[in-house]
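See below for the structure under consideration.
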Amino acid sequence: MSYQTVYDRAMSDPATFWGEAAELIDWDRPWDEVLDRSNPPFYRWFSGGMLNTCYNAVDRHMRAGRGDQPAIIHDSPVTDSRTTITYAQLQDQAARCAGALQALGVAKGDRVIIYLPMVPEAVVAMLGCARIGAIHSVVFGGFSARELATRIDDAKPKVMIAGSCGIEPNRIVHYKPLLDSAIDLAEHKPTHCLILQRPQEPGTLIPGRDLSWSAALAAAAPADCVPVAATDPLYILYTSGTTGQPKGVVRDNGGHAVAMAWSMANLYNVQPGEVFWAASDVGWVVGHSYIVYAPLLAGCTTVVYEGKPVGTPDPGAFWRVIQEHRVAVLFTAPTAFRAIKREDPHAEHLRHYDLSGFRALFLAGERCDPATLHWAEQILGVPVIDHWWQTETGWGIAANCLGIEPLPVKPGSPTRAVPGYDIQVLDDAGEPARPGDIGRIMLRLPLPPGCLTTLWGNDARFIQSYLSAQPGYYLTGDAGYLDEDGYLFVMSRIDDVINVAGHRLSTGSMEAVLASHPDVAECAVIGTADPLKGELPLGLVVLKAGVTREPASIAKDLVKLVRDEIGPVAAFKNVVVVERLPKTRSGKILRGTMKAIADGKDFRLPATIDDPAILDEIASALAAIGYAQGYVRGDHRSGS
Ligand code: COA
Ligand code: AMP
């Protein structure tokens, strides 16, 4: 069937289309309605249906004879180890984890926060929760104790599961001390913590609260799968919002399982038994969907990689993993390929490996620049597919669906809407933009299965953040255009979200941290173009009158403050002290103009600017630290 035929079927009769797709999943009770439209704008998929996600991801594969097939391959260059876990072993471990959680009083609907590095136990912990209907919330290890505390207070977990440490190439990440201080900072206190003791840095257990993960699992009675409603939450995943308060994206069980299973065959063209590798982190949505749930729901082998594309030990790391584990499809962020290209521009390392079983590379998480796309295509000789999605949707919105019909690639475009998604680009008046004209990228409701159902405990914020810009549409927060062939081009964000090495961060949160410093009167954080990470944050601060400390020493404080308050993942390393910030006459800081100046891009002088002379000052300050190349003084434009 052609892409167009499948797309049209999904759009004209979503109930039949997704009802058929739902046959990929085993149900304890069939649904009453595929698409429940009774309470718009809250649409529900498979209402009345009952299932268990862990059962579908693990137990049922035993019956299909996959017990001895590897479910997880943990490849960890940072600890120099490889471990394989079969589906039978995974079933045992997930059941024991579920039993250990039950023994600690965790039941259906209770929350469990998981704070683990890239180890198989992270997958076991997620499945253990799903097995008993507990709602997990995985927090990425690169966040600070304060960010973890914010999530603890929002999700209010009964139990937390954490590692004693994580291993970055240049240092040990002290998970256990971070966990302890997060719990100290949080108002809500979990009753127990299960701690995975890693030999590289075991943690000190707090008597009465902390238990050893391995002892608890060894002692636990394996728990059976608990059927839950299709519409019950499976997990909460926090993502950057426009305020300091992260948004708790809620994913359901039924729609999620169907979308994940359908996407493996239709989007990624991967069959049961094949090896799928998403080189991301379980703390991000890519990790949730394509390290954990989708490959396991499809009966594939998933690779959990605890390493980097470069430096662990060299830029041949990805090729080694593909060869050694016979990876069929790899999914990562363009930044990983930029990192490899920077260190090995002619892909010399690739010559040492046999990638004959490798079929396709999928890229997402940030805009895929055509240069990276072409380089990857040229060195790998397989289709390289850019696809666009976000934490909220949980899976691809626009993609070249290899399992349906590969479409011609247009570099810079993630191709066309995935069946189920109605992508519209609207202008400021809410009218569809003409082909080629940039506007807000919106999705017409209802969203397909697998997308967020609300924000945790906050339906009002869900509506206000996503559904109120244009009635009947979901606001993606991205701007871009559709061309005359229906290909989407995603160009930028319309909010303060920036994308650093495929990680989504809020400049607003960073500004809040800078503003909390006693010497700072005013500040702005902008995302500047970076050839490796796509974007990097840059802080511009105005000091309070009378501050006599050296600006360099204050800048050092500020870098440390952001690292402590948000985490190393923010990659906040550049700050410049300026006399004043450019503003409109109504007092709005002109961040977009400063970004254009920093990046050396041409820009239009804002008509409402209060004092254009400030732009010269900003450009000089930025030029002193290597930005603002090509800026023409007094002309208020860059030379590009
Ligand atoms: N736990 C603790 N700290 C972490 C971490 C984790 N799980 N992951 C990253 N960090 C830290 C890093 O150590 C680094 O700290 P540093 O300032 O002390 O060096 C900081 O956070 C920034 O990390 P990162 O953005 O990953 O930069 P990097 O320079 O270490 O690596 C790349 C750059 C491109 C190699 C890396 O970002 C990468 O592999 N990206 C692959 C794509 C990806 O994972 N995308 C996610 C969504 S698909
Ligand atoms: P996250 O929620 O962390 O996955 O980040 C989602 C955001 O990353 C999107 O809203 C986009 O801004 C950006 N993004 C993800 N994939 C792509 C892509 N293929 N092309 C352009 N931008 C992307």
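Ligands are counted one by one from 1 in listed order, and the atoms in each one are counted from 1 as well. Everything numeric in this text was worked out from a predicted model, so none of it was measured.
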Next item on the list: Scan side-chain atoms only and decide if D557 and H517 contain a donor-acceptor pair under the 3.5 Å cut-off.
Entry: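 Looking only at side-chain atoms, H517 and D557 do form a donor-acceptor pair, the distance falling under 3.5 Å.
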Margin query: If only side-chain N and O atoms count, and only distance matters, is there a donor-acceptor pair under 3.5 Å linking W395 with Y421?
Written below: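 The criterion, which ignores hydrogens and geometry beyond distance, is satisfied for W395 and Y421.
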Checklist line | Is_contact(atom 36 (C) of ligand 1), protein non-hydrogen, under 4.0 Å | finding: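 Protein heavy atom within 4.0 Å of atom 36 (C) of ligand 1: absent.
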Quick one: which ligand 1 atoms are inside 4.0 Å of a heavy atom on [X]?
X: N170; result: 18 (O), 19 (O)
X: G141; result: 1 (N), 2 (C), 6 (C)
X: A501; result: 25 (O), 37 (O), 45 (N)
X: V569; result: 21 (O)

Item checked: R342 NZ/CZ over F337 ring centroid, <6.0 Å and within 45° of normal ->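 No, cation not above the ring by the 6.0 Å, 45° rule.
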Next item on the list: Compare A279, G365, A317 and give the one whose heavy atom is closest to atom 43 (C) of ligand 1.
Entry: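 Checking each option, the heavy atom nearest atom 43 (C) of ligand 1 is found in A279.
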Item checked: Option of least heavy-atom distance to atom 13 (C) of ligand 2 (set: N499, V285, L505, L237) ->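 Shortest heavy-atom distance from atom 13 (C) of ligand 2: N499.
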Purely on distance, is any nitrogen or oxygen of [X] under 3.5 Å from one on ligand 1?
X: R171; result: yes
X: K573; result: yes
X: S280; result: no

Do me a favour and list the nearest non-hydrogen protein atom to [atom] with residue, atom name and distance?
atom: atom 12 (C) of ligand 1; value: E168 OE1, 3.1 Å
atom: atom 27 (O) of ligand 1; value: K533 NZ, 2.9 Å
atom: atom 22 (C) of ligand 1; value: P568 O, 3.7 Å
atom: atom 8 (N) of ligand 1; value: F140 CZ, 3.3 Å
atom: atom 11 (C) of ligand 2; value: D478 OD2, 3.2 Å
atom: atom 1 (P) of ligand 2; value: T391 OG1, 3.4 Å
atom: atom 30 (O) of ligand 1; value: K308 NZ, 3.3 Å

Notebook entry, point to check: Between M118 and ligand 1, which residue portion shows a heavy-atom distance shorter than 4.0 Å: side chain, backbone, both, or neither?
Noted result: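 Near ligand 1, M118 shows nothing, with every heavy atom at 4.0 Å or more.
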Check: Can you tell which part of H503 has a heavy atom less than 4.0 Å from ligand 1: side chain, backbone, both or neither?
Finding: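 It is the side chain that touches ligand 1; the backbone stays farther off.
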Item checked: Proximal ligand 2 atoms for V490, defined as those under 4.0 Å from one of its heavy atoms ->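 Listed by number with element: 21 (C), 22 (N).
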Check: So H387 and F362, side chain to side chain contact (heavy atoms under 4.5 Å, CB included) or not? Walk me through it.
Finding: CA-CA 7 Å; H387 59 323; F362 282 80; 3.6 Å; yes
Item checked: N/O donor-acceptor pair under 3.5 Å between T453 side chain and R251 backbone ->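 Answer holds: no.
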Note to self: Treating H136 as the side-chain partner and I236 as the backbone partner, does any N or O pair qualify as donor plus acceptor under 3.5 Å?
What the structure shows: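 Side chain of H136 to backbone of I236: no pair is present.
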Item checked: D386 contact mode with ligand 2 (heavy-atom cut-off under 4.0 Å) ->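 Answer for D386: side chain.
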Next item on the list: Determine whether any heavy atom of G477 lies closer than 4.0 Å to an atom of ligand 2.
Entry: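 Outside the 4.0 Å threshold, so no.
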Next item on the list: Using a strict cut-off of less than 4.0 Å between a Lys/Arg side-chain nitrogen and an Asp/Glu carboxylate oxygen, indicate whether E392 and R504 qualify as a salt bridge.
Entry: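 Counted as a salt bridge, because a side-chain N and a carboxylate O are separated by less than 4.0 Å.
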